[in-house]
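Below, chain A is the first sequence line, B the second, and so on; all start at residue 1.
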2 protein chains.
Amino acid sequence: MTELDRVDRRILNELQADGRMTNAELADRVGLAPTSTSERLKRLQKSGYITGFSARIDPHMVGLGLLVFVEVSLDKTTPDAFDKFSRAVRQSREVLECHMVAGGFDYLVKARVTDMSHYRTFLGDVLLNLPGVSETRTYPVMEEVKPEGPLPI
Amino acid sequence: MTELDRVDRRILNELQADGRMTNAELADRVGLAPTSTSERLKRLQKSGYITGFSARIDPHMVGLGLLVFVEVSLDKTTPDAFDKFSRAVRQSREVLECHMVAGGFDYLVKARVTDMSHYRTFLGDVLLNLPGVSETRTYPVMEEVKPEGPLPI
DNA sequence: GTATTTTCCGGATATTCTACGGGTGCGCTC
DNA sequence: GAGCGCACCCGTAGAATATCCGGAAAATAC
């Protein structure tokens, strides 16, 4: 697959907004026959543009009212610190995202917990328990100005 | 709707993993008849647990290879600074998320751009152009250790 | 114990999905 | 220009699916 044309982009945008739309509905919106639309969708999946579909769930409804960002600095002299940290973070259910950044610290962690006491135990059990973690800075989210937007395609 | 039972939780988890699963497949996985499963799913949507469905798209495939986090501090003396910043950020296509945090700065912005030069123009046109923005710190992501996880339900 | 509500299920109808085959336009070769 | 291959599109038919409806069973209320 070489590149995306206007219809492909349209499909991606529509499915970002409503990923459970029927193929017939999608075909209407992009202006193609259902068959052609289905072929394009399958192609977009197989070529890796679409990696999957997921339900969006309201975190507050399931008792995850507190969103927290944590800046983590590692001690560079500790062997395997980065490896062990990566592994632990990937296994942690509370951690939604974790990125290695360039700048004043090493990792930026995005986690969801029920409340501050839950975060306290998470911080102690998961983050501070790891070897090589030298410093953490916690930023609780007071207001989610823009919760989660689609990719601009 | 009062609370979630085991089956509801199962439905949420399955649909977080594959939101386009057919209702028949979902029924198999949760161990109910398709009709009952459909009723539960509809209830979960109407009561607000499920806010929608979306396709997961590989950012690199659509030319959004650079993920950036930006810490933004506002000048508290500028009138409407927070309002104007919120509005601008919600309209910006590059901004995927924006959160007002407690701690050393005011907003944490997550944005996706094609490359550094794109980010440079985004920073100048969107963020620094706003009244009341007193300071920004940019953290480019070098490695996405955990790109995006499901909510732990 | 009875009534009410909730949850679940099966059957019938409508909608949708999914190969399959055919049509059209474009570029390439000869 | 004729022939060919390719990419894209479409309609059709049988299979799979969703959805509506009525009723049974279990949980709950009184």
**Request:** Check whether any side-chain heavy atom of Cys98(A) sits under 4.5 Å from a side-chain heavy atom of Val95(A), and report yes or no.
**Result:** yes
**Prompt:** What's the spacing between Phe82(B) CZ and Tyr107(B) OH if we round to 0.5 Å?
**Reply:** 5.5 Å
**Fill in**
Rounded to whole Å, the CZ-P distance (Arg20(A) to dT16(C)) equals 14 Å
**Prompt:** Which atom names give the shortest non-hydrogen contact between Gln16(A) and Ile57(B), and what distance separates them?
**Reply:** CG-CD1, 3.5 Å
**Any donor-acceptor pair under 3.5 Å from Arg10(B) side chain to Arg29(B) backbone** = yes
**Message:** For Phe53(A) together with Phe53(B), are the ring centres under 6.0 Å from each other?
**Reply:** no
**Message:** Could you check, using the six-membered ring where one of them is a Trp, whether Phe69(B) and His99(A) have ring centers closer than 6.0 angstrom?
**Reply:** yes
**Message:** One character per nucleotide, please: for nucleotides 24-29 of chain D, 5' to 3', B when the base has a protein heavy atom closer than 4.0 Å, S when only the sugar-phosphate does, - otherwise.
**Reply:** ------
**Request:** For the side chain of Ser38(B), starting at C-beta, report the closest nucleotide among dT19(D), dT16(C), dA19(C).
**Result:** dT19(D)
**Interatomic distance where CG belongs to Asp28(A) and C1' belongs to dC17(C) [whole Å]** = 15 Å
**Item:** Set of residues satisfying side chain to side chain donor-acceptor pair (under 3.5 Å) with respect to His118(A), sequence neighbours excluded
**Value:** Glu94(A), Thr114(A)
**Complete:** When rounded to whole Å, the CG to C1' distance for the pair Leu41(A) and dA19(C) reads 16 Å
**Request:** Report the distance from atom CG of Leu26(A) to atom C1' of dT18(C), rounded to the nearest whole Å.
**Result:** 16 Å
Could you list the protein-to-nucleotides 6-9 of chain C atom pairs, N/O on both sides, closer than 3.5 Å?
unit_1	atom_1	unit_2	atom_2	d
dC8(C)	OP1	Arg40(B)	NE	3.4
dC8(C)	OP1	Arg40(B)	NH2	2.5
dC8(C)	OP2	Arg40(B)	NE	3.0
dC8(C)	OP2	Arg40(B)	NH2	3.4
dC9(C)	OP2	Ala33(B)	N	2.7
dC9(C)	OP2	Ser36(B)	OG	3.0

**Message:** Does this structure show an ion pair linking Arg137(A) with Glu135(A), if we count only N-O contacts that are shorter than 4.0 Å?
**Reply:** yes
**Request:** To the nearest Å, give me how far apart CG (Asp8(A)) and P (dA7(D)) are.
**Result:** 14 Å
**Asked** Roughly how many Å is it from CE in Met21(B) to C1' in dA18(D), rounded to a whole number?
**Response** 16 Å
**Prompt:** Please give, in whole Å, the distance from dA19(C) P to Asn23(A) CG?
**Reply:** 12 Å
**Fill in**
Thr78(A) and Gly132(A) have their tightest heavy-atom pair at OG1-CA, 3.6 Å
